[in-house]
Asks: 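Take this structure, written in structure tokens, and hold onto it; I'll ask about it next.
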Amino acid sequence: MNDAVNLIGLAKQLVETGLLDEKKAADAVLRAKQNKMSLVTWLAQNKLVKSNILMRVAGEQFGIPYFDLKAMNPEVFPKDLISEKLARQYRALPLYKHANKLFVAVSDPGSLQAVKDIQFSTGLLVEALLVEDDKLGQAIDTLYQSVTGGLEGINDDELDNLDLQDTEARDVGQSAELDETPVVRFVNKMLLDAIKSGASDLHFEPYEKTYRVRFRIDGVLFQTATPPSQLRDRITARLKIMASMDISERRKPQDGRIKLKISSNKSIDFRVSTLPTLWGEKVVMRILDSSSAQMGIDALGYEPDQKQLYLDALSKPQGMILVTGPTGSGKTVSLYTGLNILNTDDVNISTAEDPVEINLEGINQVNVNPKQGLDFATALRAFLRQDPDVIMVGEIRDLETAEIAIKAAQTGHMVMSTLHTNSAAETLNRLRNMGVASFNIATSINLIIAQRLARRLCSCKKAIEVPDEALLDEGFTPEQLGTFTVYDANGCDNCHAGYKGRVGIYEVVKSTPALQKIIMQDANAIEIDAQMRKDGFSSLRASGLLKVIQGVTSLAEVNRVTKD
């Protein structure tokens, strides 16, 4: 075949390496020429060769290094160096600047004109790096996303039909924002996008020359939009109106709540917080998902023995269950899952929270308000006069609250609460440091759950080779080696950087006679932790490594949430 014989350069290389047969290669060369595009672009867009392999071969052929875009955080890309028009015209993405050299990602290795024009525009030496065409397009769209661009992919009816369920707030919003329709639509777009993407938080952040919006998805922040910085005050005002805040007060933090009706039968709650910063008010919104309490204990990620320990503790008529971990580790969901199990017609349940995050029918929920004299201790005292069976305290913050909760647990009530500590052993030490007597700690606590949330690997995960020595260093036992495959994040169109959803990692410890004995002997956290291991309870680290063995998450993710 004459066309095949005359193949040169990249086409010839692809045939010689067995990635394309001669007929397909010749046809690709012809069609690329007819469509006035490079062979690489034609092959990538028509998926005739796997994208990453194509770029490696093309890089070798043209002497341009291959680069994996996943290796860099998009937030650090210097987008101000290249205009959006130039980036889209040449399909080129600024990656990073070092001294007077700018590294630029391209997917067409033959695009010399792009390098010349960018070099002229920036006054810098430009070095091209080869990246996959589809990932490049997505990265350019993300980097240069604007307010108008952010509004293009959404149904107008969805944006216009969003409504506040608080009548007073809605009327104020409509009268104050008649000339702010683009801002209103942008805010609605951000709220809808956050809900659709499964975000837990939205951050609206002002800086000196920029303004950005970030979503926390599966526990990690991702930049979503960069509206013009001159809109910062209007966007903040809109959010404050929606949350029934004082828009004239800009010097003090404020808290509010939004109940957003997104359809005739569905509404979403947001907890809103403002913080005065150097360049304006930062607004953070937490999406409160009542359905998370209805997931059931099986969906949370407890191992079978840990789940049984929790259920056994819930079945006891009295005592205390403590859930501990940093902010955002899923403590509230764990507590409410337990409350949901106890929530029957013959049980009186009362909760004191700051603020109430999940609304549950059949549970008496109280928002604490220290400014009005209603703190956790006051609410607890009131609960004890309300004939309670189960009491949930959002957080034990001081000695007074701790002592009332412990006395309630010792006098026939089930008490559930949280603490901000890193492990089960440190929880016991924290109570003692608050001033709680060791005897009361030993006799009142039935169960401690320390937890973290790790991102779940998507089904696109890839197997990786890890040396046995490295696995032993990470904490795996010699007996476990060779019995499992280590997986890592890969990435596809259906996930975020290779992860989709989250799973709990738990240290569940019940009170044992040996543990009670060393608590009353005022043992330190290290000694208490050693006793917990002797009693057969897995540490957070061991539970995380078990999730790696099960292929649920990656070793890198377990290290992120559990490694000291």
Side-chain angles (χ1 to χ4, degrees), residues 75 79-80 142 144-151 154 158-160 162-197 199-217 221-262 267-288 327-328 355 357 371:
E75 291 181 18
K79 71 171 184 177
D80 294 335
T142 301
Y144 292 101
Q145 188 176 32
S146 62
V147 177
T148 52
L151 293 172
I154 191 163
E158 286 181 306
L159 287 173
D160 294 334
L162 287 184
D163 205 357
L164 300 178
Q165 290 193 308
D166 182 299
T167 306
E168 182 181 352
R170 183 173 64 243
D171 291 342
V172 171
Q174 289 176 343
S175 62
E177 300 286 344
L178 283 174
D179 60 342
E180 299 285 356
T181 303
V183 170
V184 173
R185 287 172 60 81
F186 173 74
V187 170
N188 288 350
K189 158 75 172 165
M190 290 296 100
L191 301 187
L192 257 182
D193 279 358
I195 294 166
K196 288 178 178 178
S197 64
S200 60
D201 302 86
L202 299 83
H203 292 239
F204 294 82
E205 301 171 311
Y207 298 98
E208 182 179 9
K209 297 179 181 177
T210 59
Y211 188 82
R212 69 177 177 182
V213 183
R214 292 192 290 174
F215 293 171
R216 188 177 293 279
I217 301 173
L221 282 169
F222 294 91
Q223 183 166 306
T224 306
T226 53
S229 58
Q230 60 265 31
L231 293 181
R232 70 179 78 179
D233 292 337
R234 297 180 190 178
I235 293 172
T236 301
R238 173 60 184 165
L239 292 168
K240 289 169 76 173
I241 286 170
M242 293 173 75
S244 301
M245 295 179 181
D246 181 357
I247 61 171
S248 65
E249 178 56 76
R250 299 181 179 181
R251 296 169 296 175
K252 295 179 181 177
Q254 294 187 64
D255 293 302
R257 199 177 181 105
I258 297 172
K259 194 172 188 69
L260 194 68
K261 186 176 181 181
I262 58 176
S267 61
I268 298 287
D269 287 336
F270 295 83
R271 190 179 77 205
V272 187
S273 170
T274 67
L275 179 70
T277 68
L278 192 60
W279 305 107
E281 290 176 282
K282 175 178 176 177
V283 182
V284 175
M285 308 176 71
R286 164 69 56 90
I287 300 177
L288 307 177
T327 301
E357 291 194 12
K371 291 180 181 177

Asks: Can you check whether D246's main-chain N or O pairs, donor with acceptor, with Q254's side chain at less than 3.5 Å?
Replies: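 Looks like yes, one N/O pair under 3.5 Å.
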Asks: Any side-chain heavy atom of T210 sitting closer than 4.5 Å to one from S229?
Replies: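 T210 vs S229: side chains apart.
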Asks: Is a side-chain donor or acceptor of K240 paired with a backbone partner of E249 at a separation under 3.5 angstrom?
Replies: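 Yes; judged by distance alone, with no hydrogens or angles, the pair exists.
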Asks: Counting C-beta onward and ignoring hydrogens, is there a side-chain heavy-atom pair between I235 and F186 closer than 4.5 Å?
Replies: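 Yes - at least one pair of side-chain heavy atoms lies under 4.5 Å apart.
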Asks: Is the shortest side-chain heavy-atom distance between I195 and F270 below 4.5 Å?
Replies: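 In contact.
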Asks: Please check: side-chain N/O of S273 versus main-chain N/O of V284, any donor-acceptor pairing under 3.5 Å?
Replies: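 A pair under 3.5 Å: no.
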Asks: Say you draw a straight line from NZ of K189 to NZ of K196; how long is it, rounded to the nearest 0.5 Å?
Replies: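 Atom-to-atom, K189:NZ and K196:NZ are 7.0 Å apart.
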Asks: Counting N and O atoms only, with roles assigned by atom type, does the side chain of R271 sit under 3.5 Å from a partner on the main chain of D255, one being a donor and the other an acceptor?
Replies: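 Judged by distance alone, no pair lies under 3.5 Å.
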Asks: What is the minimum heavy-atom distance between I217 and F222, and which atoms define it?
Replies: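 Result for this residue pair: O-CE1, 3.8 Å.
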Asks: If you take all heavy atoms of I287 and A199, which pair is closest and at what distance?
Replies: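 Closest heavy-atom pair between I287 and A199: CD1-O, 3.3 Å.
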Asks: Atom CZ of residue position R250 - does it have more than 12 heavy atoms of other residues, nucleotides or ligands inside 6.0 Å?
Replies: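 It does not: R250 CZ has 12 such atoms or fewer within range.
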Asks: Could you tell me if the side chain of F204 sits less than 4.5 Å from the side chain of E281, heavy atoms only?
Replies: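 No - every pair of side-chain heavy atoms lies 4.5 Å or more apart.
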Asks: Side-chain contact, heavy-atom cut-off 4.5 Å: F215 with M190?
Replies: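 Side chain of F215 against side chain of M190, heavy atoms only: contact under 4.5 Å found.
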Asks: With rounding to the nearest 0.5 Å, note down the distance linking NE2 in H203 to NZ in K282.
Replies: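 Here the rounded value is 5.0 Å.
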Asks: Please round to the nearest 0.5 Å and tell me the distance separating atom CG of D269 and atom CZ of R286.
Replies: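 Rounded to the nearest 0.5 Å, the CG-CZ separation comes out at 13.0 Å.
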Asks: Looking at P206 and W279, what are the two nearest heavy atoms and their distance?
Replies: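 Closest approach of P206 to W279, heavy atoms only: CB-O, 3.6 Å.
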Asks: Do I247 and I241 have side chains that approach each other closer than 4.5 Å (heavy atoms only, starting at C-beta)?
Replies: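 Counting from C-beta outward, I247 and I241 do come under 4.5 Å.
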Asks: If I take atom CG from residue L231 and atom CZ from residue R238, how far apart are they, to the nearest 0.5 angstrom?
Replies: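 Going from the CG atom of L231 to the CZ atom of R238 covers 14.0 Å.
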Asks: Would you mind reporting whether L239 and V187 have side-chain heavy atoms less than 4.5 Å apart?
Replies: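 The answer is yes; the side chains approach within 4.5 Å.
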Asks: So, for P227 and V213, which heavy atoms are closest and what is the spacing to 0.1 Å?
Replies: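 Here P227 and V213 meet closest at CD-CG2, 4.2 Å.
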Asks: Considering only heavy atoms from C-beta outward, does the side chain of M242 approach that of L191 to under 4.5 Å?
Replies: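 Side chain of M242 against side chain of L191, heavy atoms only: contact under 4.5 Å found.
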